[in-house]
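Model, not experiment: these values are computed from the prediction.
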Amino acid sequence: MNWISLIPLRAGSKSVPNKNIRSVYGKPLYRYTVDYARDAGARQIFITTDIEEILSSKKEKNVTIVRRAKTLCQDDRPMSSVILDFLEGKEGLNISKNQTVVLLQATSPLRE
């Protein structure tokens with residue numbers, strides 16, 4: 001199946017500061033999700049974030065990092081707003097209209 005992954009990350013966690021980039025068993029929490037998407041066969045992985053450390057990180061094959069607006073990084077914003085913003089801004093990201101998009105959240109790293 002030809003699919004892409006959307007991984008939303010934000011900096012503003014109130015309960016665990018910097019949780020998405022915090023090291024868990026030797027690598028940042030979000031990397032487990034990126035690695036899972038890659039191993040599961042995602043054609044392209046998109047990370048939408050406001051975390052500067054990730055935005056300025058080294059480019060990787062099949063991983064595109066998109067800056068998310070601060071208004072979409074608040075804890076009261078529904079995930080549907082983040083997804084719609086990504087889909088509406090897909091021009092230039094090489095995403096087809098009928099593309100299957102799989103949402104993978106970094107804060108749920110245990111998957112089968």
[Y] and [X], any side-chain heavy atoms less than 4.5 Å apart:
X      : Y      : answer
Thr49  : Arg67  : no
Thr100 : Asn2   : no
Trp3   : Val101 : no
Gln105 : Ile7   : no
Leu87  : Ile83  : yes
Lys59  : Ile65  : no
Pro8   : Arg68  : yes

Distance check, rounded to the nearest 0.5 Å: [X] atom [atom1] versus [Y] atom [atom2]?
X     : Y     : atom1 : atom2 : result
Ile54 : Tyr30 : CD1   : OH    : 4.5 Å
Lys19 : Arg22 : NZ    : CZ    : 10.5 Å
Phe46 : Asn62 : CZ    : CG    : 9.5 Å
Ile45 : Lys61 : CD1   : NZ    : 11.5 Å
Glu53 : Ile21 : CD    : CD1   : 4.0 Å
Arg38 : Ser5  : CZ    : OG    : 10.5 Å

Sequence neighbours excluded - salt bridge (charged side-chain N to carboxylate O under 4.0 Å, His left out) pairs with any residue from residues 24-33: Lys27-Asp35, Arg31-Asp35, Arg31-Glu60
More than 12 heavy atoms of other groups within 6.0 Å of Asp76 CG: yes
Applying a strict under-4.5 Å side-chain criterion to I, L, V, M, F, W and Y, I'd like to know whether [X] and [Y] cluster together.
X      : Y     : answer
Leu103 : Ile4  : yes
Leu6   : Leu29 : no
Val34  : Val24 : no
Val102 : Tyr32 : no

Candidate pair Gln44 and Thr64, rule side-chain hydrogen bond (donor to acceptor under 3.5 Å, both in side chains), full reasoning: CA-CA 8 Å; Gln44 183 72 33; Thr64 302; 2.8 Å; yes
Ser56 side-chain N/O to Glu52 backbone N/O, donor-acceptor pair under 3.5 Å: yes
Smallest separation among heavy atoms of Ala106 and Asn20, with atom names: CB-OD1, 3.6 Å
Among Val82, Asp50, Thr48, side chain to side chain contact (heavy atoms under 4.5 Å, CB included) partner for Arg10: Asp50
Chi angles and distances behind the side chain to side chain contact (heavy atoms under 4.5 Å, CB included) call for Val63, Ile47: CA-CA 7 Å; Val63 177; Ile47 298 172; 4.0 Å; yes
